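The first residue of the sequence shown is numbered 1, and numbering continues consecutively from there. It should be emphasised that the depicted structure is a prediction, and the values quoted were computed from it without experimental measurement.
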Amino acid sequence: MKHFLRVLTQFLVFLYCKCLWRGLKFVIRKVTGRCELQRICYNNKPGARRTLKIESSLKCSKNELLQSAVSVHPDAVEKTIDDIMALKKINPDTNPQLAISLQASLFQIVGYRNLVLEVEKLRMEPYDCENPKHEEMLLKLWKALRPESPLTGRISKQWCEIGFQGSDPKTDFRGMGLLGLHNLLYFAEHDKATALQVLHDSLQPKHRTISKEEASKMSKADWEKKKFDKAIGYSFAIVGINITDLAYSLLMSGALKTHLYNVAPEMPSLVHFQQTFCYLMQEFHRFWIEEDPCDIMEFNRVRTKFHKRILKQLKNPDMALCPHFTASDLHLVNL
C-alpha cells in the first residue's frame, strides 16, 4: 500500500509539473501580459532571491535556447539576452530594465559555473616541490605567519608551528591540492591581523568565558575540572585545509549560490570564494571556542555541527556571509 501511494504521489507531481504547471503559466501570462522571466525580475529584488528563480526557470524550460543560456560563455551573455528577448517577443524599448536584470543574473549564473571549474582545477593540481611558483607560495605563507622567525630550512620541524603535521608541508596538501595553499596564503596576506590572532589562539587556547548562570548549574567537580583542565587548540594549517574542503563542498553542492549571488553584483570570482574561506575560518574558530571540546578527537563532531549551521544559514535566500576584513579587496554587501 505504501509503495502504491508513493508511486501515485510521484505520478501526480509529474503530471503537475508537465501539464498543469505549464498550463497555469500560460494562463498567468495571458492574464498579466508578462512571461515567467518578467514576473521573476519584477517581483523579486536583485541577488539570490531573483537569480535562483531565473536559473531554475531557464533550466526547466522546454526551449533549447533557454536551457543552454545557463552555460554560455561570459562574452556571449549580451547576445543571449537579446535572443531571449526576441524569443519572448519582449520590446526592449518598453522594457529596458528587464534586459539589465536578466543580464546581471545570467552573469552570476555563468560566473558561478566558471568558478566551480576554476576551483576544481586548483584542487586537482597537486603541490609540486619542484615547481618554483609552488615553493614561493609556501615560503610566503611562512613569512606572513612567522615574520620574525626565519625558516632554518625547507624541510624543518618549524612548519609545525603554523599547524602542519610534519617537517614537509607538501604531504598535507594531498586532499585539496593547491586550493588549500591558495586559501591559506590569501587569509594570511589579506586579513593578516585576524589570521595571526587565530594562529595564536590555536597554539595557546583558552576556555570560553562561563556565565554566572552556567556556573550555577555546574557541579563542584565539573567546575574544578573546567578550571584546571587545559583548553584544546588545533593545528592551524591542517584546519585551514579542512575548512577549504568544507568551502569546496558548499560550492560544488550549489549551497554557496545563495551567498555568492548576494555578494557578487555580476560574476562570482575566485576572490569571492577566498573571502568566503576567510569568513569560514574566523567563524569556525569562534565556534570551536564556543564548543570548548575536551580533546582534539572531537574535531569531526565540531566540524559537522559547524557545517550544518552554515547550511542552515544558506537556506535563507537573503543570506550573505559577509566577512569583516581589515584589508578586503572587495566590499561585500547584502544586496
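Put simply, the side chain of Leu178 reaches to within 4.5 Å of the side chain of Leu181, judged on heavy atoms. Within the 4.5 Å cutoff, the side chain of Leu199 has no heavy atoms near those of the Glu161 side chain.
Hydrophobic clustering, with ILVMFWY side chains joined whenever heavy atoms are under 4.5 angstrom apart, groups Tyr112 together with Leu246.
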(request) List the steps and the verdict of ring pair (Phe, Tyr, Trp, His ring centres under 6.0 Å) for Phe173 and Phe164. (result) CA-CA 10 Å; Phe173 292 119; Phe164 286 104; 5.6 Å; yes
(message) Let's go through Phe306 and Phe299 carefully: what are the C-alpha distance in whole Å and the side-chain angles of both, what is the deciding distance for ring pair (Phe, Tyr, Trp, His ring centres under 6.0 Å) to 0.1 Å, and is it a yes or a no?
(response) CA-CA 10 Å; Phe306 177 71; Phe299 178 82; over 10 Å; no
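Here Glu120 pairs with Arg123 in a salt bridge; the nearest charged N to carboxylate O distance falls below 4.0 Å.
Around the CD atom of Gln67, the shell of radius 6.0 Å holds more than 12 heavy atoms that belong to other residues, nucleotides or ligands. Counting heavy atoms of neighbouring residues, nucleotides and ligands inside a 6.0 Å radius, atom CE of Met124 does not exceed 12 of them.
With sequence neighbours excluded, the residues satisfying salt bridge (Lys or Arg N to Asp or Glu O under 4.0 Å) with Glu135 are Arg154.
Note: Ser56 OG to Ile40 CD1 = 7.5 Å, rounded to the nearest 0.5 Å.
Counting only N and O atoms by type, the side chains of His272 and Ser269 include a donor and acceptor under 3.5 Å apart. Residues Thr152 and Gln158 have side chains that bring a donor and an acceptor to within less than 3.5 angstrom of each other.
Between Tyr186 and His190, the two ring planes are parallel [angle under 30°; tilted spans 30° to 60°].
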